[in-house]
Amino acid sequence: MSKLHTAPVGEVVFPGQSVCKLPDSGQLRVGPGLEAHNNALCTTKSGILRKTKVGKLWVEGRQKRYIPAVEESVIGVITEKYGENFAVDIGGPFTASLPVLAFEGATRRNRPNLQVGDIVYARVTSADRDLDPVLACVDAQGKASGFGQLKEGYLITSNTHYARRLLSRPPCPVLASLEKHLKQFEVAVGMNGKIWIDSPSTARTVIACNAIQRAEFMSSAQTELLVSKLVDVAKS
């Protein structure tokens, strides 16, 4: 990949800004917020230019409107069923399409019985800017791998930047603190800013929801104190 010459990784970029020249040969790994224009890679939104360990470039923003990208995991709500597809709201500019056969083991005789309002955890398989995005509840090998309907639980919405932090490794401080104090709870985070939380009791679910929503701008110490207080209040 050619050397970045306009906007170094870690700095703020703006829409239409050139971040690097396109290489003459080889591959350039690109994520959300970037697209090729003439002989350069340009930004399509404001944010911070990031680079993964494998060299993939992307723009990290704080917008709530999600721009779908292939292979990203998202959480959506079924809004309609038409023909061979479900319509899914993923918080993007267009409603996503989820084929009824895009589930592990699904056949024309054995279809998932999803209803309007149901929540699904899915993978983006197509994200053309001029067409509705397409989802699948299986991985690249056709296995469920955690994708599918999310039953029970509670759904909250944040921004895409915070969602990426929650998915980071090592675990985000708020998730580490919740695991320490609550022990039993489940969380699924979509790159579209949707966060699904479930636990054996309503009280634990409420604690987890409050902690995740309030801890975005807190330090690790502040987050630990917040979770401890929420648990203590619930016990009193």
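Residue numbers start at 1 and run along the sequence shown. Computed from heavy atoms alone, side chains included, the values below leave out hydrogens, waters and symmetry copies.
- Residues Pro93 and Ile67 have side chains in contact (heavy-atom distance under 4.5 Å, counting atoms from C-beta outward).
- Considering every non-hydrogen atom in both Ala36 and Leu41, the closest pair reads N-CD1, 4.0 Å.
- When only modelled atom types and interatomic distance are considered, Gln149 and Tyr121 share no side-chain donor-acceptor pair under 3.5 Å.
- Expressed to the nearest 0.5 Å, how far NZ of Lys235 lies from CD1 of Ile207 amounts to 8.5 Å.
- Listed here is the closest heavy atom pair of Val124 and Pro68: CG1-CB, 4.5 Å.
- Side chain to side chain, Glu216 and Asn159 meet the donor-acceptor criterion of an N or O pair below 3.5 Å.
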Hey, mind stepping through Leu34 and Val59 against side chain to side chain contact (heavy atoms under 4.5 Å, CB included) and telling me if it holds?
CA-CA 7 Å; Leu34 295 168; Val59 177; 3.8 Å; yes
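- Counting only heavy atoms from C-beta outward, the side chains of Phe86 and Pro99 never approach each other to under 4.5 Å.
- A donor-acceptor contact closer than 3.5 angstrom links the side chains of Thr205 and Ser199.
- There is no side-chain donor-acceptor pair under 3.5 Å between Asp89 and Thr79.
- Taking every heavy atom of both residues into account, Ala122 and Leu135 meet most closely at CB-CB, 4.0 Å.
- Under the 4.5 Å side-chain heavy-atom criterion for grouping Ile, Leu, Val, Met, Phe, Trp and Tyr, Leu22 is connected to Val30 within one hydrophobic cluster.
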Worked check of side chain to side chain contact (heavy atoms under 4.5 Å, CB included) between Val206 and Leu230:
CA-CA 9 Å; Val206 170; Leu230 288 173; over 6 Å; no
In sequence, state the C-alpha distance, the side-chain angles, and the governing distance for Ser97 and Tyr82, and then conclude on side chain to side chain contact (heavy atoms under 4.5 Å, CB included).
CA-CA 10 Å; Ser97 176; Tyr82 57 96; 3.5 Å; yes
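- For Asn38 (side chain) and Ala40 (main-chain N/O), no donor-acceptor pair under 3.5 Å exists by modelled atom type.
- One distance of note links OG of Ser201 with CZ of Phe185; it measures 12.5 Å at 0.5 Å rounding.
- Note that Arg164 lies in the cation-pi zone of Trp58, set by a 6.0 Å cut-off to the ring centre and a 45° limit from the axis.
- Dense packing is recorded around CG of Asp232, with more than 12 heavy atoms of other residues, nucleotides or ligands lying under 6.0 Å away.
- Under the 4.5 Å side-chain contact rule for hydrophobic residues, Ile156 and Met218 share a cluster.
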So Arg123 and Glu72, salt bridge (Lys or Arg N to Asp or Glu O under 4.0 Å) or not? Walk me through it.
CA-CA 6 Å; Arg123 177 174 64 94; Glu72 289 192 340; over 6 Å; no
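- When atom types are taken as modelled, the side chain of Gln222 and the backbone of Ser219 share a donor-acceptor pair closer than 3.5 angstrom.
- The pair Glu84-Arg111 counts as a salt bridge, with a side-chain nitrogen and a carboxylate oxygen less than 4.0 angstrom apart.
- In this structure a side-chain-to-backbone donor-acceptor pair under 3.5 Å is present from Asp118 to Gln115.
- Under the 4.5 Å side-chain criterion, counting only non-hydrogen atoms from C-beta, Thr95 is not in contact with Asp132.
- By the criterion of side-chain heavy atoms lying less than 4.5 angstrom apart, applied directly or through intervening Ile, Leu, Val, Met, Phe, Trp or Tyr residues, Leu167 is not grouped with Phe147; the two fall into different hydrophobic clusters.
- The closest side-chain heavy-atom distance from Leu175 to Val187 is below 4.5 Å.
- Rounded to the nearest 0.5 angstrom, Leu155 CG and Asp198 CG are separated by 12.0 Å.
- Side-chain contact between Ile48 and Val13: absent, with no pair of heavy atoms (C-beta onward) separated by less than 4.5 Å.
- Shown here for Leu182 and Arg204, the closest heavy-atom pair between the two residues is O-NH1, 3.5 Å.
- Closest of all the heavy-atom pairs between Gly55 and Lys51 is CA-CE, 3.8 Å.
- Side-chain heavy atoms closer than 4.5 Å link hydrophobic residues (I, L, V, M, F, W, Y) into clusters, and following such links, possibly through other members, connects Tyr154 to Leu178.
- Counting heavy atoms from C-beta on, the side chains of Arg214 and Leu226 come closer than 4.5 Å.
- Checking each of Val77, Ile78, Ile90 against Val120 for a side-chain contact (heavy atoms from CB on, under 4.5 Å) leaves exactly one that passes, namely Ile78.
- Between Glu104 atom CD and Lys143 atom NZ the span is 5.0 Å, to the nearest 0.5 Å.
- For Thr44 and Glu35, the side-chain atoms include no donor-acceptor pair closer than 3.5 Å.
- Contact check for Ile212 versus Tyr162: side-chain heavy atoms found under the 4.5 Å cut-off.
- When atom types are taken as modelled, the side chain of Thr125 and the backbone of Val134 share a donor-acceptor pair closer than 3.5 angstrom.
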Show the numbers, then the answer: is there a side chain to side chain contact (heavy atoms under 4.5 Å, CB included) between Ser158 and Ile195?
CA-CA 7 Å; Ser158 183; Ile195 305 165; 4.0 Å; yes
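- To the nearest 0.5 Å, atom CD of residue Glu152 and atom CD of residue Glu186 are 11.0 Å apart.
- No donor-acceptor pair closer than 3.5 Å links the side chain of Ser73 to the backbone N or O of Gly190.
- If you take CD1 on Ile197 and CD on Gln213, they are separated by 7.0 Å, rounding to the nearest 0.5 Å.
- Nearest approach of Pro200 to Gln184, heavy atoms of both residues: CD-O, 3.4 Å.
- Counting only heavy atoms from C-beta outward, the side chains of Thr160 and Asn192 never approach each other to under 4.5 Å.
- The closest donor-acceptor contact from the side chain of Gln17 to the backbone of Phe14 lies under 3.5 Å.
- Hydrophobic clustering keeps Tyr66 apart from Ile119 (ILVMFWY residues linked when any side-chain heavy atoms are closer than 4.5 Å, directly or through intermediates).
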